[in-house]
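Written out below as structure tokens is the structure these notes cover.
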Amino acid sequence: MDLWGMYLFHLITFALLEVILAGRDCLVAGDSCSSDETCSPRLRTLRQCVAGNGSMKLGPGARSQCANAVSALLSSPLNGCQCKRGMKKEKNCLSIYWSLHQSFIHGLNLVESYPYETVHRDYDYVRLASITADSDVGMTTVNRCLDAAKACNVDDVCQKLRTEYVSACIKPTAKSGLCNRPKCNKALRRFFDRVPADYTHELLFCPCTDTACAERRRQTIVPSCSYESAEKPNCITQIKICNTDYVCRSRLAQFQYDCEPSEISANGCKQGNYGACLLAYTGLIGSTITPNYIDNSTSSVAPWCSCSVSWSQREDCDHFLGSFTTNICLQNALMTFGSESNQQPTVSQASMPSPGSSSRETRSTTSPQETIETMRNILDTIIPTQALGNELLVGQSTLPSNSFPISASPPSLMLQAALCLLLLLFHLLNNGH
């Protein structure tokens, strides 16, 4: 296969992966379940369990009914569905996800990481390879924070959304004279969800050596409007408010998963990925637990809340606050991002050649069989197995008789068809060149 054929194959591959991932979208799964005469009543039952803890709306046999509903839905398209951060109808998508993953249905909670699709990057640290304008190429970067601002200003999307949130956060309302905090936070979430992390991370995590730089960095998210108040609220109260909002709850779950510290991990992170941790951190900005630098003299970060009046929940409160202030994974991610300004990203996979690449360029040495095996490995991580689909929460070894056959689920059929089509296209392209 020549360079152009390989490029075409990659395009087809990513297009098919998009189709495959679409089959795991909770909005699509929810529509599929609602239109199924067996799945739909089970979903309604489960939502009643979630809304009223089962007993109030379902009577004495509530626990059994809730357990049966969960068990049956585990083999429906809802099991394993995910959402995209910042997607349209994100709240609707997350509401479908959490209907099956509520942690407060005693004994019925599923062990999951978080509802968002994993963002795969070719390198671990997310930052710009070069953040200066073309005229600055070759010059030593003196101030990465200023360079980050300059890079954002020359990118249309970054410049537009940054201007929008700054304007929303500094403009006083006519009635109170204060800023519109909900509007400010909405604009902040839009900025961090839609602007590539290469830009947002450089703006937020750039290293500073003096207090003036550190204060400008702290002011990046306009703290006076986005979260500050006369007194710090209690962290437990803020967590409870967060958990009532599907987006905030999901962002917190992502942060707790991707920034989970580990004493035995080489880099301090259980998941081993600094980039994912920083991405999860920025996902919290604009929520009731927005984190930021605590002052302009250190690089310590924390949400605007306190544990001083937590009483019986002091231990839980300290644990939450410590996930920012004493989290070795987050601290290492911040420190490493700031200290490796001269290290170029290491690409873990061969870059896709452009259509105009010269035929004299080095060609991929990957054999057709190796490529097929690679694709099988990728798809194996995406396509749910029947064994996984049959896992139950209530200790049963088999699904009830009214569960949905996995072999008949639309996403599974689509995944199988996509895999077959992908392998067929690769075979044709390989033989045709």
Side-chain angles (χ1 to χ4, degrees), residues 119 121-133 136-155 158 162 188 191-192 195-223 226 254-255 258-262 265-285 290-304 321-348:
V119 178
R121 301 184 67 87
D122 286 334
Y123 49 95
D124 192 23
Y125 306 111
V126 278
R127 60 179 170 274
L128 295 180
S130 174
I131 56 175
T132 54
D136 294 331
V137 173
M139 297 177 63
T140 301
T141 298
V142 177
N143 189 322
R144 280 176 64 188
C145 292
L146 294 179
D147 287 339
K150 187 192 314 184
C152 181
N153 286 336
V154 298
D155 179 84
C158 186
R162 188 183 182 208
L188 277 169
F191 175 77
F192 284 101
V195 176
D198 293 334
Y199 292 99
T200 61
H201 287 195
E202 281 291 341
L203 284 168
L204 200 59
F205 306 129
C206 57
C208 286
T209 57
D210 59 78
T211 55
C213 171
E215 181 60 23
R216 286 194 300 270
R217 181 180 63 182
R218 195 182 76 85
Q219 292 293 332
T220 298
I221 61 173
V222 197
S226 59
Q254 182 181 26
F255 172 78
D258 284 329
C259 293
E260 183 178 358
S262 171
S265 173
N267 65 1
C269 296
K270 184 175 181 179
Q271 310 307 326
N273 192 323
Y274 287 154
C277 177
L278 295 182
L279 196 65
Y281 173 96
T282 60
L284 292 172
I285 296 175
T290 295
N292 196 18
Y293 297 96
I294 60 175
D295 53 40
N296 58 20
S297 61
T298 69
S299 293
S300 299
V301 296
W304 183 260
L321 206 53
S323 65
F324 295 90
T325 58
T326 59
N327 186 331
I328 188 64
C329 173
L330 178 59
Q331 291 173 350
N332 286 351
L334 292 169
M335 182 175 64
T336 303
F337 185 92
S339 64
E340 299 201 3
S341 59
N342 297 321
Q343 179 180 328
Q344 294 296 320
T346 301
V347 180
S348 61

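Quantities reported herein were computed from a predicted structural model and do not represent experimental measurements. When reading the values below, keep in mind they use all heavy atoms of this one structure, side chains included, and skip hydrogens, waters and symmetry mates.
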Gap separating the [atom1] atom of [X] from the [atom2] atom of [Y], nearest 0.5 angstrom:
X	Y	atom1	atom2	value
Asp210	Cys208	CG	SG	6.5 Å
Leu204	Tyr293	CG	OH	5.0 Å
Ser226	Trp304	OG	CH2	10.5 Å
Asn292	Phe324	CG	CZ	11.5 Å
Cys213	Leu146	SG	CG	7.0 Å
Leu188	Leu284	CG	CG	12.5 Å

Testing the basics here: between [X] and [Y], what is the closest heavy-atom pair and its distance to 0.1 Å?
X	Y	result
Pro291	Ile221	O-CD1, 3.8 Å
Asn296	Glu215	ND2-OE1, 3.2 Å
Asp258	Gln271	CA-CG, 4.1 Å
Cys158	Phe191	O-CE1, 3.7 Å
Gly268	Ile328	O-CG2, 3.6 Å

In a check of side chain to side chain contact (heavy atoms under 4.5 Å, CB included) between Cys259 and each of Asn273, Asn327, Leu278, Leu279, which one passes?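 Of the listed residues Asn273, Asn327, Leu278, Leu279, the side chain to side chain contact (heavy atoms under 4.5 Å, CB included) partner of Cys259 is Asn327.
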Do [X] and [Y] touch side chain to side chain, with heavy atoms closer than 4.5 Å?
X	Y	answer
Leu203	Arg162	yes
Ser299	Met335	no
Phe255	Leu330	yes
Pro303	Leu321	yes
Val301	Tyr281	yes

Worked check of side chain to side chain contact (heavy atoms under 4.5 Å, CB included) between Lys150 and Asn153: CA-CA 5 Å; Lys150 187 192 314 184; Asn153 286 336; 5.6 Å; no
Donor-acceptor contact present, side-chain [X] to main-chain [Y], <3.5 Å:
X	Y	answer
Gln331	Thr325	yes
Arg144	Gly338	yes
Tyr199	Asp155	no
Arg217	Cys206	yes

Indicate the ring-plane relationship of Phe337 and His201, choosing parallel, tilted or perpendicular according to the 30° and 60° boundaries.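 Aromatic pair Phe337/His201 classed perpendicular.
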Does the pair Cys277/Cys329 show an SG-SG distance of less than 2.5 angstrom?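 Answer is no: Cys329 does not pair with Cys277 in a disulfide.
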